[in-house]
Amino acid sequence: GVGSTINLVGLGASETTRDKLLEITQESWYITSSVKECKIRNAIIEMGSDSRLSVDCPLNLKFTTITAKEGSGNNHRGVTTYGQPGVFIISSKFENALRGMWAINCYGGNPVSISGTTFQDCKKGLITEDRSAKLTNVRFLFNDIGWEAIGMSAGCEVRDVECTSNDKGI
């Protein structure tokens with residue numbers, strides 16, 4: 001309901017001990033702006049074919065892996081945000097996707113902040129659209145396109161970014 005908080009927390013913080021907390025098999029799980037905040041930590045989110053997690057409220061994603069559901073192929077659409085304030089992606093991994101994350105910043109205008117995160121084995125690891133983005137210690141590995149920045153109207157803050165074995169890095 002309006003003003004509610006979503007808080008999904010697994011027990012294992014390391015990549016090998018994270019808990020599967022969510023499986024999305026439908027086209028989209030849309031979390032509206034009426035939700036106060038969405039926190040997902042220490043989790044594995046398995047995505048079915050063509051599925052995505054679409055979030056329009058503050059999002060704190062920490063120690064979380066977004067990956068393809070076994071047998072579904074690498075064609076999920078990861079996480080989509082809309083320029084809302086308070087989007088922090090920390091020490092997470094996006095893998096085996098058509099796109100790992102799409103930050104459409106033109107609607108709300110707030111930059112996404114991503115740190116200590118890996119985008120791996122995706123067609124497009126990260127897509128940012130309009131405004132700016134803050135990336136610190138981010139790795140793009142084995143993607144067709146590591147980071148696609150579309151129509152960025154403000155400067156991006158980029159530190160310690162690694163692009164390895166992508167067809168196109170940035």
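Each residue takes its place number in the sequence, starting with 1. Nothing here was measured: the structure is a model prediction, and the numbers come from that model.
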Quick one about [Y] and [X] (side-chain donor to acceptor, distance below 3.5 Å, no hydrogens or angles considered), yes or no?
X	Y	answer
Gln120	Thr118	no
Thr65	Arg18	yes
Arg52	Ser28	yes
Asn75	Ser49	yes
Ser33	Tyr82	no
Ser34	Thr32	yes

What heavy-atom pair brings [X] and [Y] nearest, and what distance separates the two atoms?
X	Y	value
Leu61	Ser92	O-OG, 3.6 Å
Thr64	Lys62	OG1-O, 3.0 Å
Ile40	Ile45	CD1-CD1, 4.0 Å
Val112	Thr128	CG1-CG2, 4.3 Å
Val35	Pro58	O-CD, 4.4 Å
Ile127	Ile150	CG2-CD1, 3.7 Å

[X] (side chain) donor-acceptor with [Y] (main chain) under 3.5 angstrom:
X	Y	answer
Gln84	Cys57	yes
Asp144	Asp167	no
Asn143	Asp121	yes

Query raised in the report: What pairs meet the ring pair (Phe, Tyr, Trp, His ring centres under 6.0 Å) rule with one or both residues in residues 85-104, with sequence neighbours excluded?
Result: Phe94-Phe119

Query - Trace of the side chain to side chain contact (heavy atoms under 4.5 Å, CB included) decision for Val87 with Val55 - result: CA-CA 9 Å; Val87 175; Val55 182; over 6 Å; no

Is there a chain of hydrophobic side chains (I, L, V, M, F, W, Y, each step under 4.5 Å between heavy atoms) that links [X] to [Y]?
X	Y	result
Leu8	Val79	yes
Ile145	Phe142	no
Leu135	Ile90	no

Say you draw a straight line from [atom1] of [X] to [atom2] of [Y]; how long is it, rounded to the nearest 0.5 Å?
X	Y	atom1	atom2	result
Cys163	Leu141	SG	CG	8.5 Å
Ser132	Met152	OG	CE	6.0 Å
Ile31	Cys38	CD1	SG	4.0 Å
Ile89	Met101	CD1	CE	4.0 Å
Asn7	Asn60	CG	CG	9.5 Å
Lys20	Thr67	NZ	OG1	11.0 Å

Query - Stepwise side chain to side chain contact (heavy atoms under 4.5 Å, CB included) check, Ile24 with Leu53 - result: CA-CA 8 Å; Ile24 300 172; Leu53 175 59; 3.9 Å; yes

Report task. State, with a plain yes or no, whether a side-chain heavy atom of His76 is found less than 4.5 Å away from one of Ser51. Result -> yes

Report task. Would you indicate whether the side-chain heavy atoms of Glu23 and Lys69 approach each other to under 4.5 Å? Result -> yes

Requested in this report: Answer yes when Glu27 and Arg77 have at least one side-chain N-carboxylate O distance shorter than 4.0 Å, and no when they do not.
Outcome: yes

Query - Step-by-step side-chain hydrogen bond (donor to acceptor under 3.5 Å, both in side chains) determination, Ser153 to Asp130 - result: CA-CA 6 Å; Ser153 60; Asp130 200 25; 2.9 Å; yes

Report task. From the options Val158, Asn166, Val161, select the one residue that forms a side chain to side chain contact (heavy atoms under 4.5 Å, CB included) with Trp147. Result -> Val158

Query raised in the report: What's the verdict on side chain to side chain contact (heavy atoms under 4.5 Å, CB included) for Ile44 and Leu21, showing C-alpha distance, side-chain angles and the deciding distance?
Result: CA-CA 6 Å; Ile44 295 172; Leu21 293 184; over 6 Å; no

Query - Pair Asn96-Ile66, side chain to side chain contact (heavy atoms under 4.5 Å, CB included): steps then yes or no - result: CA-CA 9 Å; Asn96 305 323; Ile66 311 291; over 6 Å; no

